[in-house]
Student: 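Let me give you the structure first, and then I'll get to my questions.
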Amino acid sequence: MDVEVRQVINRTASLRINRALYTVTNDTVVILGIRRPGQRLLTKRGLRGRLAE
């Protein structure tokens, strides 16, 4: 399964950086997750699970 995962970076008021991971299918944006500092990277297995939901 080939999926283009995109990200947008957001800096909070406390200067922490969060990443929103998403993909676009047709006219729909699917949020795959919000990653915060210190969290593990999203694996292929985790990505498959989020796309199946």
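Quick note: numbers below take in every heavy atom, side chains included, and nothing from hydrogens, waters or symmetry partners.
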Student: If Ile, Leu, Val, Met, Phe, Trp and Tyr residues are connected whenever their side-chain heavy atoms lie under 4.5 Å apart, and connections chain through other members, are Val24 and Ile31 in the same group?
Tutor: yes
Student: Just grab all the side-chain hydrogen bond (donor to acceptor under 3.5 Å, both in side chains) pairs involving residues 21-36, residues at least two apart or on different chains.
Tutor: none
Student: Taking distance alone, no hydrogens or angles, what donor-acceptor pairs closer than 3.5 Å link side-chain atoms of residues 10-21 to residues at least two apart or in another chain?
Tutor:
residue: Thr12; atom: OG1; partner: Ser14; partner atom: N; Å: 3.4
residue: Thr12; atom: OG1; partner: Ser14; partner atom: OG; Å: 3.1
residue: Thr12; atom: OG1; partner: Arg16; partner atom: N; Å: 3.2
residue: Thr12; atom: OG1; partner: Arg16; partner atom: O; Å: 3.3
residue: Arg19; atom: NH1; partner: Gln7; partner atom: OE1; Å: 2.8

Student: Identify whether Leu47 and Val30 are in the same connected component of the hydrophobic contact network (ILVMFWY, side-chain heavy atoms under 4.5 Å).
Tutor: yes
